[in-house]
Amino acid sequence: MIELRRASIIRNGRILLYPVNLTLECGVLAMVTGPNGAGKTTLLRLMAGLWRPSEGEILFDGQRPSVQHRGQIGLVLQESMLYGRLTVQENLRFFGGLYRVRDLDDRIRQLAKELHFERRLGDPVSVLSKGYTQRVTLARALLPNPRLLLLDEPFDGLDPGVRGLVKDVLALRVAEGTTVVVVTHDPELMPNADMQILVNRGRVTVVSSETRASRDRAR
Ligand SMILES: Nc1ncnc2c1ncn2[C@@H]1O[C@H](COP(=O)(O)OP(=O)(O)OP(=O)(O)O)[C@@H](O)[C@H]1O
């Protein structure tokens with residue numbers, strides 16, 4: 001699905017990510033861990049196409065990234081990227097419009113139900129708690145049904161019940177074939193990850209990897 005070929009990020013003469021080779025197939029759940037400042041978010045930005053590789057290249061389905069691929073990537077960074085003065089519904093309508101999501105109101109209702117925030121659709125985002133904001137941010141990323149979902153600390157600030165809910169939502173997307181990459185400081189939150197990626201001082205290492213086929217065989 002996505003392949004990084006000796007892709008690196010250099011900013012102001014500093015290497016933030018050393019050249020990395022990494023391939024993520026469809027329907028893989030990958031967990032990215034590592035200390036603060038290691039380069040985890042930088043890796044997400046690189047995969048999302050927000051930052052171009054300084055060296056090397058990224059391929060989507062074997063092709064150079066295009067505008068069409070951008071629409072297939074859902075990205076949740078630590079800042080919510082929602083408009084505080086707009087309601088939850090208005091925000092989702094706005095982003096859904098950008099992504100040209102079909103049957104938008106139905107899709108919004110469906111995601112609000114799935115992520116348990118239907119009763120907050122009319123509230124301005126600025127009054128939401130962190131846990132609700134996280135869920136709405138995830139819904140924004142899920143609106144266009146992305147094939148690649150990149151999440152930076154999606155469990156941060158969630159109570160255990162909501163963490164379980166978000167995990168289920170992600171597991172369902174993985175089962176449907178979405179490739180999901182989750183940055184987390186707590187590996188115990190992702191015991192089902194097919195792939196563990198460690199980032200340390202800009203160096204990316206795949207610690208363990210299990211293909212979908214081998215995972216299915218083990219069941
Ligand atoms: N826009 C930028 N320009 C230059 N350097 C940056 C930029 N953004 C981040 N960095 C640097 O890149 C390095 C990696 O940062 P990054 O945010 O990827 O780390 P992280 O592993 O996600 O950390 P954390 O766990 O604290 O979120 C840090 O030293 C940071 O200062």
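Computed from heavy atoms alone, side chains included, the values below leave out hydrogens, waters and symmetry copies. Since this is a predicted model, take the numbers as computed values, not measurements. First listed ligand is number 1; within each ligand, the first listed atom is number 1.
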For atom 25 (O) of ligand 1, find the nearest protein heavy atom and state the residue, atom name and distance (0.1 Å precision). K40 NZ, 2.7 Å
For atom 7 (C) of ligand 1, the closest protein heavy atom turns out to be W51 CH2, 3.7 Å
Answer yes or no: does an N/O atom from T41 fall short of 3.5 Å to an N/O atom of ligand 1? yes
Counting non-hydrogen protein atoms only, what is the nearest one to atom 15 (O) of ligand 1? Give residue, atom name and distance. T42 OG1, 3.8 Å
Is any side-chain N of the basic residue among R120 and E118 closer than 4.0 Å to the acidic one's carboxylate O? no
In terms of residue, atom name and distance, what is the protein heavy atom nearest to atom 29 (O) of ligand 1? R14 NH2, 2.8 Å
Distance to 0.1 Å, residue and atom name: give those for the protein heavy atom nearest to atom 27 (O) of ligand 1. Q78 NE2, 3.6 Å
Looking only at N/O atoms, are N12 and ligand 1 under 3.5 Å apart anywhere? no
Heavy-atom pair with the smallest gap, counting every atom of A139 and L111: O-CD1, 3.6 Å
Indicate the atoms forming the closest heavy-atom contact of T184 with L189, along with that distance. OG1-CD1, 4.1 Å
So L143 and L104, side chain to side chain contact (heavy atoms under 4.5 Å, CB included) or not? Walk me through it. CA-CA 8 Å; L143 269 175; L104 183 55; 4.0 Å; yes
Taking 4.0 angstrom as the limit and counting only heavy atoms of A38, give me the atoms of ligand 1 inside it, by number and element. 19 (O), 20 (P), 21 (O)
For H185, counting its heavy atoms only, list the atoms of ligand 1 lying under 4.0 Å from any of them. 25 (O)
For atom 26 (O) of ligand 1, find the nearest protein heavy atom and state the residue, atom name and distance (0.1 Å precision). N36 ND2, 3.0 Å
Taking the cut-offs as 6.0 angstrom to the six-membered ring centre and 45 degrees off its axis, would you call R140 and F95 a cation-pi pair? yes
So, is R11 polar-close to ligand 1, with some N/O to N/O distance under 3.5 Å? no
Considering both backbone and side-chain atoms of G39, is one of its nitrogen or oxygen atoms within less than 3.5 Å of a nitrogen or oxygen in ligand 1? yes
Checking a contact table here: which protein heavy atom is nearest atom 13 (C) of ligand 1, and how many Å away? G37 O, 3.7 Å
Salt bridge E57-R64, side-chain N to carboxylate O under 4.0 Å: yes
Run the salt-bridge test on E114 and R173 with the 4.0 Å N-O cut-off and return the result as yes or no. yes
Closer than 4.0 Å to some heavy atom of P35 - which atoms of ligand 1 meet that? 21 (O)
Same cluster for F117 and V127 if Ile/Leu/Val/Met/Phe/Trp/Tyr side chains link at under 4.5 Å? no
Using a distance threshold of 4.0 Å (strictly less than), state whether atom 9 (C) of ligand 1 has a protein heavy-atom neighbour. no
Checking side-chain contact (heavy atoms from CB on, under 4.5 Å) against W51, which of L16, L17, L43 comes through? L16
Of all protein heavy atoms, the one nearest atom 5 (N) of ligand 1 is L16 CD1, 3.6 Å
Which word best sums up how the rings of Y83 and F94 line up, parallel for under 30°, tilted for 30 to 60°, or perpendicular for over 60°? perpendicular
